[in-house]
Amino acid sequence: MIVGVQPLAGFDKLLHYKVPETLRASIRAGSLVRVPILNQHKVGLVMEVNGVVDVPLEKLKTVSGLLQDYPALTPDLLTLAKWMHGYYAARMESVLEAMIPGAVRDGTRLKQEKYLSAAHKPTTEELAALRKKAPQQSRLMEFLAHQFQPAKKSLLLSRLAVTAAVVNALVKRGWVREEVRHVERVAYADQWATGEVVATQPPKLNEEQATIVTSVGASLDKGKFAVHLLHGVTGSGKTEVYLHAVERVLAAGGSAIYLVPEVALTPQTVARLRGRFEAAGHRTVVWHSHLSEGERLDGWTALASGQARVVVGARSAVFAPVRDLRLIVVDEEHEPAYKQDETPRYHGRDVAVYRAKLANATCLLGSATPSLESFSNVRNGRYRLDVLTKRVDDKQLPDFQIVDMRIEVMRTRGLVTLSRLLVNHMQARFERKEQTILFINRRGYSSSMQCRKCGHVEECPHCSVAMTYHRADETLKCHLCGHERGAPAVCPSCAAPDIRWRGLGTQRVEEAVRRVLPRARLERVDTDTMAKRHRFREILSDFRTGKIDVLIGTQMIGKGLDFPNVTLVGLVDADLSMHVPDFRANERTFQLLVQVAGRAGRGDRAGEVVVQTFTPKADAVQFAKNADFNGFAEAELHVRHRFQYPPYRHLIHHLFRGPNPEKIKFFAEHWAKEVEKALGNTVELRGPTPSPIEKVKDEYRYQIWYFCASAAKVVPALVKLQATVKWPEDVFQVLDVDPMSLM
DNA sequence: AGCACGCCGACT
DNA sequence: GTCGGCGTGCTC
């Protein structure tokens, strides 16, 4: 018996070993083993049994031990690991480390980092001598001499482009000190373990909920892979649907994974879920990043052994070693928190979908504001859409009203910040002692150019993305393909003069509000305010308690905030956010607006949302036409479509070992071919366009960009191939890719 | 990640 | 000739 083992030893290569007689019965694919490598022993994972061996058989050594007598990875997880390795271009070793908790890997590789510092301050003569004899060492020495703190070895090596041999020589000489630091995760006290478990009585489902429970139940019973997207307005009782699905799976003897974004994993949520499952006699494992090693091991073994069949947890809970997986719930599926921002840079939601496919399970994605890629998959027929339109508390959805700002401009013959309608509404609220939120979108830095008379926006002829105005040299640039030209003096569409403006500051809005509501108490929430953290909290608390009448803010006022007395939400400048050449930014804007708007209104009366725009027919406000949240979905698809990121592989980031332009080129060419296949039409690869080296925190980065543009005008396709090279450290960026498109 | 190996320029 | 510096390639 011969096994292929992926050692957890710092390199990505499958090594083959013979298996001793004593271990033959218990070793399987997915088992953790101890293997000899050169003169040391390392832990490794058995990737295959009796596979093809490419070295002479007499070279094989023997497996020296087995860590557990059951495999650490179930077959579906093993396949998932291989998929992630290729899909996220992450090293196999790092994928395995993400999937198997350190405690299970026997604590062998307590994460350790090496640091270097100067142990000797060389004189100028010594340095000069060194520079002549050993230039590499002198560079390193000079760098270290200027550091106040020990520098991380791995980072230093690649930044200065020197090898470990250089360091060793200096250490031997006694000029450099090398120290090892163990990175220990802080184990928080588990506030959830002690928290009281409340057994909640399942509320009665309304008709909509019941229909969806049946629909999801049908998928579960079939035992085939299916994805349901549950699109439910705020407060429509999505959780109850999840709970029913999980309970059904548990009752049938299967296992379920319930994913929640880390921030949403509060003691209350956990207590509620636990209460429900444990009342029915099911042990529930809670999984999040603040668990101690011991707690992690306990939870993991409970799941692996089948003692527990439900896990509620954050992102990494997708890797729970459950047996007989039948359901994965992904709550708030649009949340960016599902992305892991260190290697392996995976997306929890996408991995959930793929794992469900491998396990022939049902995946239930839910959100009030689903992501574009999920909508797109509904449209493609790959996901099934279930909609909850009614709130369980019967609170009414807000009314949307669109204001055409071009008319406002003509009416007042001048600068307008707030429309008459919005002002009237605000004044009425003030008299009734109700509150208003004014939402300003300033996402991004870039300003597009828009005619305030006719609403015309200058777009890139290749990319149909608004061009960015650069004041310094009076030019318009496309941030996608780099197309550049002089900024026009008059509107190219209606010849109106002076179109060179865009963007509203919070201050200007504040002034405008003061003019129309001189006695109102107002506050601004923007990045300036955010700088002082307690100030931000203070403002929110004042707003909640009614000490503030009007809150003017940018992005951050949306999230999870509940203001019971807000009955009006104004989107001051709907256009701006729509012309930022990044669909992800547009998506966020919509989501924020819906979140804020969804909370507008009181029990007795629907709230109102006023959207001010210069382009009332634009996608930006399409959703409001239907005056409900279903229109929102349509609007999102419009945006998607408009930007034409073809197979939804909008950003392809890759990681390279060191700044290696050749490799980047190779990948760019590879992806260009993929895009060509997906589009069925010829694609031209342009580039490279290296960016200047920029300093980010204490690291230097540069990017090399390639663009694919389709030659045929029919599909104005454009894919941005961006290779981000955190120079010189290795970086793989998140692949913002839709997993379904690769199945 | 470590570690051996081998190439290359420098120098008693 | 030898020695140290430094990059490369291998680990079953």
A/Asn168 CG - B/dC3 P separation (whole Å): 9 Å
Spell out, as yes or no, whether a donor-acceptor pair under 3.5 Å connects the side chain of A/Tyr17 to the backbone of A/Pro36. yes
If you pin A/Lys132 and A/Ala164 to their nearest nucleotides in DNA chain B, which one's is more 5'? A/Ala164
Strictly under 6.0 Å, is that where the ring centroids of A/Tyr354 and A/Phe225 end up? no
Looking for any heavy atom pair under 4.0 Å, which part of the strands does A/Phe11 touch: base, sugar-phosphate only, or nothing? base
Looking for any heavy atom pair under 4.0 Å, which part of the strands does A/Lys13 touch: base, sugar-phosphate only, or nothing? base
For the residue pair A/Tyr346 and A/Phe319, categorise the inter-ring angle as parallel (less than 30°), tilted (30 to 60°) or perpendicular (more than 60°). perpendicular
Regarding A/Pro7, tell me which of base, sugar-phosphate or nothing describes its non-hydrogen contacts under 4.0 Å with the strands shown. nothing
Candidates C/dG5, C/dC12, C/dG7 - which lies nearest the side chain of A/Ile37: C/dC12
N or O in side chain of A/Lys133 less than 4.0 angstrom from C/dC3 OP1/OP2: no
Rounding to a whole Å, what distance do you find between A/Leu14:CG and C/dC12:C1'? 9 Å
Which nucleotide in the set C/dC6, C/dT11, C/dC12 lies at the smallest distance from any side-chain heavy atom of A/Val55? C/dC12
Test: A/Asp324 and A/Arg326 ion pair at under 4.0 Å: yes
Distance check: side-chain N/O of A/Gln40 vs OP1/OP2 of B/dG2, anything under 4.0 Å? no
Does A/Lys61 put a side-chain nitrogen or oxygen below 4.0 Å from OP1 or OP2 of C/dC12? yes
